[in-house]
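Whatever order the structure lists ligands and atoms in, that order sets their numbers, starting from 1.
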Amino acid sequence: MRVLDDLASVRPFTEELYKHLHAHPELSDREHATAARMADELRATGVDEVHEGVGASTGVVGILRNGEGPTILVRADMDGLPVVEDDVVEYRSTQTAEIDGGTVGVMHACGHDVHMASLQGSVRLLAQHRDAWSGTLVVVLQPAEETVGGARGMTDALRALVPSIDVALGQHVAPYPASQVRLSAGPIMAACDELIVTVHGRGGHGSQPETTVDPVVLAASIVLRLQTIVSREVPSSEQAVLTVGTIHAGTKSNIIPDTARLGLSIRTYDETLRTRIREAVERIVQGECAAAGAPQPATIERTLWAPVTDNDPGVVGTLQPAFDAEFGADVVPMERLSGSEDFSELAAAYDAPYTFWFTGGTADERYAAAEAAGTLLTDIPSNHSPGFVPVLQPTLDTAVRAMTTAVLAHLGR
Ligand SMILES: [Zn+2]
Ligand SMILES: [Zn+2]
């Protein structure tokens with residue numbers, strides 16, 4: 001019997017687990033109950049080794065050994081987001097958490113609950129059908145994807161548990177039709193760099209600007225000049241985004257402050273361009289500081305970064321025919337996304353090839369209606385929005401089928 005002919009046997013488990021996780025989201029690096037549940041389910045499935053607290057945070061690793069063959073790493077992320085969930089389903093989250101002294105709602109608004117539940121479903125199916133495959137499956141439940149440190153925080157401890165892998169596989173749910181899988185080779189998600197720029201002026205009385213170096217005017221000029229990087233320095237054949245998302249200075253309208261701080265977010269799909277843009281930011285910021293007569297150069301800190309997700313053509317070449325056979329016309333090429341992921345850092349730690357694909361979460365009819373009306377962007381909630389609540393099925397089945405198919409494409413007998 002084909003492993004996926006037995007899909008119905010894990011469906012109640014996957015759905016119940018998903019509803020529980022959806023109703024009980026936890027923020028990045030606080031996934032304690034989630035991680036404990038993930039470890040419990042791996043043990044209940046009969047995974048040979050289960051390790052908790054792997055790395056700097058709440059990471060969980062399960063190892064399913066099944067004879068000779070390659071070692072395949074599969075990953076799901078565990079964290080939710082500070083979002084108050086819309087009232088759409090009876091298993092909605094009403095959880096809250098404290099951040100910086102304030103209370104926020106918590107929601108699985110990026111679908112990481114889909115990733116965890118479907119991965120557990122796939123592992124259970126594979127454990128029930130050990131005769132159908134051969135090799136080693138390394139199951140990674142990763143914390144803190146949303147704050148980008150989670151994968152990086154696990155790699156050293158992971159390599160101590162599992163010295164080498166042959167391929168890493170991951171998937172993400174998105175507001176595509178829930179029957180669909182989207183797969184492409186090459187760069188599919190952007191690299192992201194967050195920079196905090198602090199410019200130093202000289203403060204003074206708002207009525208006497210001649211005695212000061214005004215960091216507000218300096219910051220304003222930097223914001224405008226930074227817009228020329230993408231429009232004037234990036235070739236039209238390449239893509240990049242540079243956003244100044246925050247600007248903070250001053251306390252009172254008649255005081256010229258000493259400093260101003262700018263928060264930049266940069267997205268690129270190519271390492272060379274990524275370096276060139278960061279060099280251009282440095283050049284423009286320091287050039288504007290010099291032009292303003294700033295008493296000292298700006299400080300530029302990189303506070304957050306994630307690599308480009310660049311799917312290996314060889315792995316995609318193995319997955320494509322397997323997905324085509326399983327999903328037929330529901331496998332479609334993936335367009336590039338400007339969002340970022342830290343999944344590839346797990347593969348990079350082993351210098352192993354990887355592929356990351358997307359599955360849908362919107363009812364097929366609803367998606368088709370919005371597409372026909374030209375309202376996809378406004379009518380279908382996207383990841384991170386309070387209305388991003390994937391339809392239960394076929395979302396979970398599609399994700400279980402995709403991950404199981406991908407593992408068997410590498411380990412199947
Ligand atoms: Zn997200
Ligand atoms: Zn996500």
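In this structure, T45 contributes its side chain and E41 its backbone to a donor-acceptor pair below 3.5 Å.
Ring geometry for H112 versus H108: interplanar angle of 30 to 60°, hence tilted.
Among the backbone and side-chain atoms of H115, no N/O/S atom is found under 2.8 Å from the Zn ion (ligand 2). With 2.8 Å as the limit, H384 counts as an N, O or S neighbour of the Zn ion (ligand 1). The Zn ion (ligand 1) has an N, O or S atom of E146 inside 2.8 Å of it.
Rounded to 10 degrees, the SG-metal-NE2 angle spanning C110 and H172 at the Zn ion (ligand 2) equals 100°.
Aromatic ring centroids of H22 and Y18 lie under 6.0 Å apart.
Test V332, V331, L337 against M334 for side-chain contact (heavy atoms from CB on, under 4.5 Å) and you get one pass: L337.
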